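Reading through the structure tokens given below for one structure.
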Amino acid sequence: MPQKLRGIFAMPMEHTIDHEPALDPELASADDSRPRGGRATEIRAALQEEIEAGKLPPGSPLDERALAVRFQVSRTPVREALQQLAARNLVRIAPRQGVTVARLSISQVRAIMEGIGELEATCAKLAARRVDDPLRRRIDEALQACQDAAVEGGTEEYSVANGQFHEVIYEGSRNTFLAGLIRDARRQILRYRLRDFISKAQINQSLQDHRKIARAIQDGDEAAAGHLMLLHVPSGSTGFSEFLARIPMSLFENEPD
């Protein structure tokens, strides 16, 4: 590893451990016998899941030594895992500041959400253009799951059903490239979307939107499907303002000068 990067990762950060506890010999031995790249990928996946689930909010410090103790590994796979996360723009590695979960500025979040809105609208149009009986049935099933979650479940259950409803539309568009762009963009701001369904009113509004979108696609109405989906994603001035009001400002990066 270049000397410059080695210096970065050696920098002390918030909540650092003065003395790195020794690893359990058996666990350390098991770690040594596992391919380094595979262990780093496992650590990256675990941390990525925690970032996207909001367990590690934007701005949270990630201490290399503490992570090595937590995962019972040497610092090398942790270092590699953090580099993988940095390549995905999920963490920020900065000299003399250490490693933190990456923040986005408000303008960056707005830009991503506007992009998602346009992409999802196109996806809905294509699904309406290419709709067939199997897709109609799958949409009905996804819509029923949303309704069941809205009535019987809570935030987590509805969030899962909401994601499945949108996935059906992505697949129904029969455009894997477009669907991939949407999924990648959604992953970038997932850590900012955790408060979407904190009230019954928000869940009910989402469910009503889903019903309208579903009917437009099933009827093959491309224009209506695209328009309704664009309204559904909070990228407009009113929708984005309401979304922004639910997010603590401390989670956003300062706007560049």
Side-chain angles (χ1 to χ4, degrees), residues 1-105 108-109 112 155-157 159-160 163-164 167 179-195 247-248 250-254:
M1 177 177 295
Q3 185 63 38
K4 183 177 179 181
L5 282 180
R6 186 177 295 111
I8 291 172
F9 285 106
M11 294 290 179
M13 294 174 284
E14 291 184 47
H15 311 297
T16 56
I17 301 173
D18 291 333
H19 300 286
E20 184 176 357
L23 302 182
D24 182 292
E26 293 184 2
L27 291 174
S29 176
D31 174 64
D32 291 341
S33 67
R34 190 177 307 184
R36 182 194 300 171
R39 192 67 179 109
T41 299
E42 290 175 6
I43 296 170
R44 187 271 304 161
L47 293 176
Q48 180 171 336
E49 182 178 352
E50 292 179 5
I51 290 171
E52 293 178 347
K55 295 178 182 178
L56 290 171
S60 300
L62 297 174
D63 180 61
E64 185 182 303
R65 283 185 285 181
L67 290 172
V69 172
R70 171 187 165 185
F71 290 104
Q72 287 290 292
V73 296
S74 66
R75 293 171 66 175
T76 299
V78 170
R79 210 172 276 139
E80 293 175 358
L82 293 174
Q83 289 173 338
Q84 291 177 21
L85 290 169
R88 289 167 168 78
N89 297 318
L90 291 175
V91 306
R92 180 173 180 266
I93 302 172
R96 296 180 297 279
Q97 296 178 26
V99 184
T100 57
V101 177
R103 290 187 179 98
L104 295 172
S105 67
Q108 286 175 319
V109 173
I112 294 172
T155 295
E156 184 174 346
E157 291 79 9
S159 294
V160 171
Q164 292 171 344
E167 279 292 331
L181 290 176
I182 296 171
R183 293 185 185 110
D184 289 344
R186 279 192 171 277
R187 275 195 290 270
Q188 282 299 315
I189 62 166
L190 188 59
R191 57 196 184 274
Y192 287 98
R193 299 296 305 271
L194 300 172
R195 298 169 182 255
I247 308 297
S250 61
L251 299 186
F252 291 103
E253 186 67 78
N254 293 330

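Computed from a predicted structure; not experimentally measured.
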Is a donor on one side and an acceptor on the other found under 3.5 Å between the side chain of [X] and the backbone of [Y]?
{"X": "R191", "Y": "A102", "answer": "yes"}
{"X": "Q72", "Y": "V69", "answer": "yes"}
{"X": "Y192", "Y": "R103", "answer": "no"}

Restricting to side-chain hydrogen bond (donor to acceptor under 3.5 Å, both in side chains), what partner residues turn up for [X], sequence neighbours left out?
{"X": "Q164", "answer": "none"}
{"X": "R88", "answer": "none"}
{"X": "R186", "answer": "E120, Y170"}

To the nearest 0.5 Å, how far apart are [atom1] in [X] and [atom2] in [Y]?
{"X": "L56", "Y": "L90", "atom1": "CG", "atom2": "CG", "value": "11.0 Å"}
{"X": "I43", "Y": "L85", "atom1": "CD1", "atom2": "CG", "value": "10.0 Å"}
{"X": "E52", "Y": "I189", "atom1": "CD", "atom2": "CD1", "value": "11.5 Å"}
{"X": "Q188", "Y": "I112", "atom1": "CD", "atom2": "CD1", "value": "6.0 Å"}
{"X": "L47", "Y": "L67", "atom1": "CG", "atom2": "CG", "value": "5.5 Å"}

For the residue pair [X] and [Y], what are the closest heavy atoms and their distance?
{"X": "A40", "Y": "A81", "answer": "O-CB, 3.4 Å"}
{"X": "A66", "Y": "D63", "answer": "N-OD2, 2.8 Å"}
{"X": "P57", "Y": "L251", "answer": "CB-CD2, 4.0 Å"}
{"X": "I93", "Y": "A86", "answer": "CD1-CB, 3.9 Å"}
{"X": "F252", "Y": "S105", "answer": "CD2-C, 4.1 Å"}

Partner of R39 by side chain to side chain contact (heavy atoms under 4.5 Å, CB included), out of T76, V73, V78:
V73

Can you confirm whether the side chains of Q84 and E80 place a donor and an acceptor under 3.5 Å from each other?
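No, because no side-chain N or O of Q84 sits under 3.5 Å from a partner of the opposite role on E80.
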
Determine whether Q97 and R92 satisfy the following criterion, side chain to side chain donor-acceptor pair (under 3.5 Å), listing intermediate values before the conclusion.
CA-CA 9 Å; Q97 296 178 26; R92 180 173 180 266; 3.2 Å; yes

side-chain contact (heavy atoms from CB on, under 4.5 Å) assessment of V91 paired with L62
CA-CA 9 Å; V91 306; L62 297 174; 3.6 Å; yes

Candidate pair E64 and R75, rule salt bridge (charged side-chain N to carboxylate O under 4.0 Å, His left out), full reasoning
CA-CA 7 Å; E64 185 182 303; R75 293 171 66 175; 2.8 Å; yes

Going through the distances and angles, do E50 and R70 end up as a salt bridge (charged side-chain N to carboxylate O under 4.0 Å, His left out)?
CA-CA 14 Å; E50 292 179 5; R70 171 187 165 185; 2.4 Å; yes

